[in-house]
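Taking it in order: structure first as structure tokens, then the write-up.
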Amino acid sequence: MLLPGFYDFCCRVRIVSGQNALEKIPAMLKKMKAHTPLIVTDKGVVGAGLVDVVRAAVAGELKLSNVYDNVPVDSDYKIVDEAAKIYRQKNCDSIIAIGGGSVIDTAKGANIVASLGGDTLLDYEGFSAVKRKLNPLVVIPTTAGTGSEMTLVAVIADPDRKIKMLFVSYFVLPDLAVLDPRMTKTLPDFLTASTAMDAMTHACEAYYCLEKNPLSDSFALRAIRIVSENLLKVIKNPADMEGRLALANASTMAGASFSNSMVGLVHNLGHTIGAICHVPHGTAMSILLPYGLEYNMHRCGEVIGEILLPLAGSEVYAKTKKEERPGKVVEFIRKMNNYLHEATGGRHPRYLKEIVDKNGAQVVTESLLPAIAEATMQDGARMANPEEFLPPDAMLVLEHAWEGKPLDLGKVNKGGKKIKY
Amino acid sequence: MNINKYPQIRPGKKLFKRVYVAIMLWTVGKAIQVAAKVDKEVKEELARLPNNFTLRMMVAPEKAFPLFFYAKTLPAFVVDKGLLFYGIQMLLHKDKEGKIKYLGADPKGKKVDLNIVFKNIEAAWLVLSFQESTATAYMHDRFVVEGDLVHSLTFVRVLDIVEVFLLPKIIAKLAVKRYPKWSEMSPLRKFVKRVVIYIRAYTF
Ligand SMILES: [Fe+2]
């Protein structure tokens, strides 16, 4: 690839990263002419003492007394409206989101309602309803993976209609993302593992899916290298603050990458499995990533092979023959998953059938696979996947991923030429 | 200054592209209507759309068909009837019973639920002359989707199937991501549907 015929890249989030990044928030808020932020977060984050960490870091310069901590795991528009109402009641002028994907999406939604007026987010449903600059939004991610701080979309559910609403606009992007390793220090090892593999998936898919471009590529390659070099280290030594900061950076970079490129079948399947079986996003990602790579290999093997360099380092890359590189990438990701599985005492599942809920019951049963395969047609990520991905194809991938077998490449439907990006 | 008073005059080459695109949109609209009746897969795909649903595929801008500029020289009824008022487009409607109908090119008085807009005539030309596949065109921002993205996925899939029916393999291969193998679509089905769709689309 020299240059794609056309591409579009926009990344206008200010990022501060460092061991003491939280301390910079008051000055930066002041620059944005904001003085009374509303904290949007969830009970887990509060319980882990992370809001107190932020409070202590900004003490003396900023009072964080307005807190909305009711965000559930799957947020919906009613939560958004409630947060916006409190924003107005307390005369806030900005939002600080502290949490993972759900919290960040809720904060983005609440910022729409709070900035543009009205009582409910439903008023802003539909295309291009958000047309002007919103109030300042600061995001402090507490997981290193979703990359939501860099995406221009807020995904909010409507439980009454049982649909997910997408609010897509450059104005939805946060103004500031603060990466501080203190925020991910207390994350349990299996969550550190799965969220980092989510970031890895964002970077890999952004690198080989159809909307790849030189700018998203550079973010993706660096993110892959950082995750590969740091994830196992951090799992072994959870107090490795440098490693944690590195993972947070990788997550943000991968976020910038896939927000401007696109994701493909791994996310297509992941979203669908998440919706039907409530499998955590990161878990689905780590299981499915090798299959996404395998499935697309005959269409863009060369590009997938390039991932080996940041993933395994220059020595392995140089030693591996060009045509063997894509296979080596898959092998490396599988090895990572196996290592994470062992290091977390089996709490990082490697196959779909290994996923269990709190009571030890299987979450994805084999009988659910056809329904999942059928539902993949309803997810936008199927567009950017290099190879066509229809329900029978999804079924093929699901059967292998459920069992934990490498994908039988002979069974993949072929019929298109090498992808020209 | 009212910019509308200074319409752009486009050279003849564009006119050819416009006519071609208009014919293609008409053909695609009719073909989808027929395919929805005769092909199981198309029927199943379209079942994903809600009933009472109108879809429009058009070339931006909506109200600037260049013949509008020549309207003064045309018979009055052409302008009065609004025949030239709207740009190149086609509308498909799924009614209360789930039947698909091609509605022509006049959006007047119709509520459009899903609007697929080619950014300009060049973009439409690239896609409808199969120089660029639907997926590539999507990646290259040749068209924008106004409405629920999920429904546009259904439409793109239907478009892909219909293109395979209508076009010879050598051209269809350029238009779709993966040309279906025998196991996915038998040559017999392809051939029969091709004949049926062409005959019915061009006769009634
Ligand atoms: Fe993800």
Side-chain angles (χ1 to χ4, degrees), chain A residues 4-9 125-129 153 155 161 163-168 209-213 216 260-262 264-265 268 271-272 295-296 298-300 374-393 396 411-417 419-421, chain B residues 41 44-50 111-117 119-120 122-123 126-127 131-161 163-164 169-170 172-185:
Chain A
F6 170 91
Y7 76 88
D8 179 345
F9 189 97
E125 208 192 337
F127 43 91
S128 55
V153 55
V155 186
R161 287 182 291 164
I163 56 165
K164 271 187 177 173
M165 301 181 284
L166 295 180
F167 297 85
V168 188
C209 283
L210 292 179
E211 250 180 288
K212 93 195 228 83
N213 61 67
S216 71
N260 285 285
S261 174
M262 274 294 265
L265 84 85
N268 185 338
H271 293 153
T272 317
Y295 183 79
N296 287 301
H298 62 285
R299 294 302 289 272
C300 52
E374 191 55 38
T376 52
M377 291 300 279
Q378 312 267 23
D379 188 272
R382 66 181 301 274
M383 282 301 274
N385 195 62
E387 178 60 279
E388 182 67 279
F389 193 60
L390 301 175
D393 305 320
L396 177 81
K411 283 192 183 157
V412 176
N413 280 320
K414 300 177 181 102
K417 277 191 284 196
I419 299 286
K420 266 198 227 128
Y421 291 94
Chain B
E41 199 179 349
E44 282 170 5
E45 279 300 325
L46 288 168
R48 295 179 207 277
L49 297 177
K111 186 184 145 275
V112 175
D113 300 289
L114 176 68
N115 201 11
I116 296 166
V117 188
K119 286 195 170 160
N120 46 51
E122 286 301 329
L126 277 175
V127 178
Q131 295 172 51
E132 218 171 64
S133 74
T134 330
T136 313
Y138 182 82
M139 299 308 140
H140 288 182
D141 273 7
R142 303 289 184 208
F143 56 87
V144 289
V145 173
E146 298 173 338
D148 199 332
L149 190 83
V150 172
H151 299 326
S152 75
L153 297 174
T154 305
F155 179 69
V156 167
R157 176 71 193 130
V158 168
L159 204 59
D160 276 359
I161 305 174
E163 279 174 341
V164 169
K169 184 172 176 181
I170 190 164
K173 262 185 135 167
L174 305 172
V176 300
K177 256 193 208 172
R178 173 178 80 207
Y179 195 79
K181 289 207 298 190
W182 277 42
S183 56
E184 290 181 272
M185 187 191 284

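FYI, side chains are in, hydrogens and waters are out, and symmetry mates aren't considered; it's all heavy atoms of this structure. Chain naming here is simple, since letters A, B, ... match the order of the sequence lines and numbering starts at 1 in each. Keep in mind that this is a model prediction, so the values were computed, not measured.
- Only the side chain of B:V156 comes within contact range of chain A, with at least one heavy atom under 4.5 Å from a heavy atom of that chain.
- A distance-only check finds a donor-acceptor pair linking the side chain of B:K177 to the backbone of A:M383 [under 3.5 Å].
- Here the OG1 atom belonging to A:T376 is positioned 10.5 Å from the CG atom belonging to B:L153, to the nearest 0.5 angstrom.
- Two residues are said to be in side-chain contact when any heavy atoms from C-beta on lie closer than 4.5 Å; A:K414 and B:R178 fail this criterion.
- Looking at B:R48, the atoms closer than 4.5 Å to chain A (heavy atoms on both sides) all sit in the side chain, from C-beta outward.
- Here the side chains of A:E388 and B:R157 are in contact, with some heavy-atom distance below 4.5 Å.
- Of the two parts of B:Y138, only the side chain, counted from C-beta on, holds a non-hydrogen atom closer than 4.5 Å to a non-hydrogen atom of chain A.
- Contact between B:A135 and A:L210 at its shortest, heavy atoms only, is CB-CD1, 4.2 Å.
- At a 4.5 Å heavy-atom cutoff, the contact between A:P386 and chain B is made by backbone atoms alone.
- How far CE of A:M377 is from CD of B:E45: 4.0 Å, rounded to the nearest 0.5 Å.
- Within the 4.5 Å cutoff, the side chain of B:D141 has heavy atoms near those of the A:D8 side chain.
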